[in-house]
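Every heavy atom of this structure was used, including side-chain atoms; hydrogens, water molecules and symmetry mates were not. Owing to the predicted nature of the structure, the values given are computational and were not obtained by experimental measurement.
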Amino acid sequence: MPKKLTITLTARGYELDSYNHINNAVYLQYFEHARWEYFRQIDRYDFLKDNSNLPVVTDIRIRYQREIKLFDELMIESFCIQEKPYLVFRQRIINMSTGLTAARATTKLIFIDSERVPVDVPAEILAGI
């Protein structure tokens with residue numbers, strides 16, 4: 001069973017758009033931040049930092065469901081699985097005050113070596129998930 005890990009954050013003023021809610025592009029940043037935190041929580045961030053094999057996003061699909069407003073407290077749930085040749089993250093942003101999902105995302109990552117050639121998902125990463 002894949003590990004489901006969470007982070008929390010608060011929507012910030014500089015992320016607002018002209019409609020006075022969080023800009024849709026910021027959701028991408030939230031999801032990316034949660035993916036890096038996932039690697040840190042499974043104790044694999046140092047491996048990624050010190051290794052020549054790096055994760056690269058090849059595909060992301062977002063379903064926006066509800067707006068996020070300034071100071072909303074958010075929880076981002078993340079889990080990932082291997083679907084060769086990808087590491088696939090499934091994530092969702094939840095508004096903690098309403099319990100409702102603001103957005104869902106599915107993100108596919110491949111790993112590349114120092115020559116930028118795709119490689120298998122490192123065994124060290126798979127062992128953590």
Using every non-hydrogen atom in the two residues, find where I129 and Q82 come nearest and quote the distance to one decimal. CD1-N, 4.3 Å

Honestly, is K4 close enough over F79, meaning NZ or CZ under 6.0 Å from the six-membered ring centre and within 45° of the axis? no

Any Lys/Arg nitrogen of E67 or K69 sitting under 4.0 Å from an Asp/Glu carboxylate oxygen of the other? yes

Looking at P122, is its backbone amide N or carbonyl O close enough to the side chain of D120 to form a donor-acceptor pair, meaning the two atoms are under 3.5 Å apart? no

Do F89 and I81 sit in one hydrophobic cluster, given that two such residues count as connected whenever their side-chain heavy atoms are within less than 4.5 Å of each other, even indirectly? no

Which pair of heavy atoms, one from Y27 and one from A102, lies closest together, and at what distance? CE2-O, 4.2 Å

Salt bridge present between D59 and R61 (N-O < 4.0 angstrom): yes

For the pair Y30 and E15, evaluate side chain to side chain donor-acceptor pair (under 3.5 Å) and give the outcome as yes or no after the intermediate values. CA-CA 11 Å; Y30 289 170; E15 299 168 331; 2.5 Å; yes

For the residue pair D113 and N53, confirm or rule out a side-chain donor-acceptor distance under 3.5 Å. no

Side-chain donor or acceptor of R35 paired with backbone N/O of H33 under 3.5 Å: no

Restricting to non-hydrogen atoms, name the atom on I62 and the atom on A103 that form the minimum distance, rounded to 0.1 Å. CG2-CB, 4.4 Å

So does Y64 get a backbone contact from the side chain of R104, meaning a donor-acceptor N/O pair under 3.5 Å? no

Identify the two heavy atoms, one from P55 and one from W36, that lie closest to each other, and give their separation to 0.1 Å. CG-CH2, 4.2 Å

Does L9 form a side chain to side chain contact (heavy atoms under 4.5 Å, CB included) with I76? I'd like the steps, not just the answer. CA-CA 8 Å; L9 56 87; I76 304 174; 4.0 Å; yes

With sequence neighbours left out, what residues match E77 under side-chain hydrogen bond (donor to acceptor under 3.5 Å, both in side chains)? R92

Could you walk me through whether T101 and Q65 pass the side chain to side chain donor-acceptor pair (under 3.5 Å) test, one step at a time? CA-CA 7 Å; T101 300; Q65 295 176 261; 4.9 Å; no

Contact summary for R90 and E83, nearest pair of heavy atoms: NH2-OE2, 3.3 Å

Decide yes or no for I110 and Y86: does some side-chain heavy atom of the first lie under 4.5 Å from some side-chain heavy atom of the second? yes

